[in-house]
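Counting convention: from 1, in listed order, for ligands and their atoms alike. Note that these values count all heavy atoms, side chains included, but never hydrogens, waters or copies made by symmetry.
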Amino acid sequence: MSPPRKLHIKSYGCQMNVYDAQRMVDTLAPEGFVETASVGDADLVILNTCHIREKAAEKVYSELGRLRLAREDAARNGRDLNIVVAGCVAQAEGDEIIRRAPVVDVVVGPQSYHNLPRLLARARSEGRAIDTEFPVEDKFAALPPPSRQAIRARGVSAFVTVQEGCDKFCTFCVVPYTRGAEASRPVARILDDARRLADNGVREITLIGQNVNAYHGDGPDGRTWSLGKLLYRLAEIPGIARIRYSTNHPRDVDDELIAAHRDLPALMPFVHLPVQSGSDRILAAMNRKHTADEYRHVIARFREARADIAFSSDFIVGFPGESEEDFKATLALVEQIGYASAYSFKYSPRPGTPAADMREMVAAATMDERLARLQDLIDRQQHAFNRAAIGTTVDVLFERAARNEGQIVGRTAYLQPAHVMASEDIIGEVRPVTLDSLERYSLLGRLATASPRARASASTGA
Ligand code: 5AD
Ligand code: SF4
């Protein structure tokens, strides 16, 4: 048998890319590839790229410069190093990559990962290969499932892609062009994936998609299922203690999703609900298809269904035409909602999107200043949220040994890291933890004896 070849994947950007990287590893495992953490001993390097903002896209070309040197090093030692560019930059700029970077052997778009073995073979015989088609078949059906060992090695929390692509066409966003039209996987396949994960020790699944709450998959009953309906069914799978989903569009929140939050203890009360701006004028220019008040109303419906629910969001500052007044409306919305965490970005014009042609650019210094003000507010909210946890007893799903000797780290319902002194036996378990202190973004605590729910019912006598 030939020795295994080594594969190094570097992923940028969103959770979907993290998941796709795992699927590429699974696709190449039957070809004799094993993963390596270092470029130095790799036979194959895959850059899994992100096109969402200019900075992210630029990283590809600087990384390819470094890889050219690594390839020369490998050649001096008599080894081949093959280089693949995957992900959304591959999709959007495939031909340009081929032209600008002779070091690249294969360019493969997100819809074609199942073709990787074929593309590598073609690159060997023809020099280079490119595949950025949007095929009609379900790419997920063509990708091999992860092995049992791979699932176990990846830990207690796993992603499952349930839909891909987006039909919203926000005017700033490349996703509808790089990931294509919105498409949902059939319910039965998702349930199979989830069962397989649960059977191999996974306790938490996060359903992912570019617009996951637009999910509308074929159900086993011949009807179209919503995300809410899917969540009810997933919650019945033995072993799955926690379910999450990301990322969402406010317009696609329906009653069944809200009801799922009311009814399912396994559905974590933490929702990523991007709003981008608090100004109706800017929301309209962004083609978000909702107003700030409609967003507030969606938040209120979630809160009514589950009082302890918390939110995170995405914001863009400096969208073309954004005035100080528009920006203040964003700050006011953040003040009013109160987020557990949030991401904020400076607007970055993306070629081919409608906003890239808008004229009223906001000055760079103004963008910097607005970003700093918004991030300061979000930071203060995040700290307040984390500090409020001190002194409470909450459920933590333990994931792994921490860097500090003897400590095990897990996550609360709100994804806050929580550290306790304990044996590794608790990895994979949900245990109540009394939280004593906060260090930067991590909570420190100790294992408690009774679960928060049991304590609550004991103290109320219910
Ligand atoms: N400029 C800045 N931020 C962007 N995002 C998407 N496109 C752009 C862009 N052109 C942000 C949005 C989105 C998140 C994933 O990235 O906030 O929700
Ligand atoms: Fe992009 Fe808007 Fe679709 Fe989100 S909803 S992926 S921001 S187009």
Side-chain angles (χ1 to χ4, degrees), residues 11-19 49-59 87-89 91-93 110 161-184 208-216 227 245-253 271-279 282-290 292 294-295 298 311-322 326-327 330 333-334 339 341-358 360-362 364 366-368 370-371 374-375 378:
S11 262
Y12 302 87
C14 65
Q15 292 172 331
M16 179 79 81
N17 265 9
V18 175
Y19 173 88
T49 61
C50 172
H51 201 242
I52 198 90
R53 283 169 293 275
E54 194 180 358
K55 249 199 199 147
E58 270 172 7
K59 281 188 195 148
C88 292
V89 182
Q91 186 64 45
E93 301 179 8
T161 294
V162 301
Q163 72 80 234
E164 198 170 0
C166 182
D167 293 341
K168 287 288 184 292
F169 290 93
C170 299
T171 52
F172 52 80
C173 185
V174 287
V175 165
Y177 312 96
T178 55
R179 292 280 175 166
E182 208 262 307
S184 296
I208 56 171
Q210 271 86 29
N211 188 1
V212 74
N213 67 325
Y215 178 82
H216 59 281
L227 179 66
Y245 57 92
S246 184
T247 176
N248 298 289
H249 193 287
R251 267 282 290 253
D252 295 319
V253 174
V271 176
H272 186 61
L273 197 61
V275 62
Q276 315 297 354
S277 169
S279 151
I282 296 298
L283 288 170
M286 287 176 164
N287 190 32
R288 288 290 293 175
K289 304 179 169 79
H290 63 81
E294 281 162 350
Y295 179 82
V298 172
F311 297 92
S312 60
S313 189
D314 293 339
F315 294 92
I316 294 178
V317 302
F319 186 81
E322 185 190 68
D326 292 317
F327 176 66
T330 300
L333 182 75
V334 174
Y339 289 98
S341 64
Y343 301 93
S344 44
F345 311 100
K346 286 188 276 186
Y347 169 68
S348 163
R350 308 306 296 126
T353 59
D357 298 328
M358 294 180 184
E360 287 176 86
M361 281 298 283
V362 172
T366 310
M367 279 208 217
D368 287 338
R370 287 183 189 162
L371 187 70
L374 178 58
Q375 288 186 339
I378 290 167

Worksheet item: Relative to atom 5 (N) of ligand 1, which among R53, Q210, M286, K55 owns the nearest non-hydrogen atom?
Response: R53
Worksheet item: Any sub-3.5 Å donor-acceptor pair from T171's side-chain atoms to A285's backbone N or O?
Response: yes
Worksheet item: Side chain of T49, backbone of V89: donor and acceptor closer than 3.5 Å?
Response: yes
Discussion item. Distance check, rounded to the nearest 0.5 Å: R179 atom CZ versus C14 atom SG?
Written reply: 5.5 Å
Worksheet entry | Among V175, D314, V317, closest by any non-hydrogen atom to atom 18 (O) of ligand 1 | D314
Item to complete: Enumerate the protein N/O/S atoms at a distance below 2.8 Å from atom 1 (Fe) of ligand 2, ignoring waters.
Response: C173 SG
Fill in: Under 3.5 Å: donor-acceptor pair, side chain of S312, backbone of A342
no
Fill in: Nearest-contact summary for atom 6 (C) of ligand 1 - protein heavy atom, Å
I52 CG1, 3.4 Å
Worksheet entry | Test of proximity, R350 against ligand 1: N or O pairs below 3.5 Å | no
Discussion item. Suppose I only count heavy atoms of H249 and a 4.0 Å limit; which atoms of ligand 2 are within that range?
Written reply: 5 (S)
Discussion item. Between F319 and F327, is the ring centroid distance below 6.0 Å?
Written reply: no
Practice prompt. Identify, for atom 10 (N) of ligand 1, the protein heavy atom at the shortest distance, and state residue, atom and that distance.
Written response: S348 O, 2.8 Å
Discussion item. Treating R251 as the side-chain partner and K168 as the backbone partner, does any N or O pair qualify as donor plus acceptor under 3.5 Å?
Written reply: no
Discussion item. With a cutoff of 4.0 Å, is M286 in contact with ligand 2, counting heavy atoms of the residue only?
Written reply: no
Discussion item. Looking only at side-chain N and O atoms, does T178 offer a donor or acceptor that is under 3.5 Å from a partner on Q91?
Written reply: no
Discussion item. Below 3.5 Å, N or O to N or O, backbone or side chain included: is there any such pair between F172 and ligand 1?
Written reply: yes
Item to complete: Measure the spacing between NE2 of H249 and OH of Y295 and express it to the nearest 0.5 Å.
Response: 11.0 Å
Worksheet item: To which protein heavy atom is atom 2 (C) of ligand 1 closest, and what is the distance rounded to 0.1 Å?
Response: K346 O, 3.3 Å
Discussion item. Please check: side-chain N/O of N248 versus main-chain N/O of H272, any donor-acceptor pairing under 3.5 Å?
Written reply: yes
Worksheet item: When the ring centroid of F345 is compared with that of F172, is the distance short of 6.0 Å?
Response: no
Worksheet item: So which protein heavy atom does atom 12 (C) of ligand 1 come closest to, and at what separation?
Response: Q276 OE1, 3.4 Å
Worksheet item: For atom OH of Y343, is the number of surrounding heavy atoms from other residues, nucleotides or ligands below 6.0 Å larger than 12?
Response: no
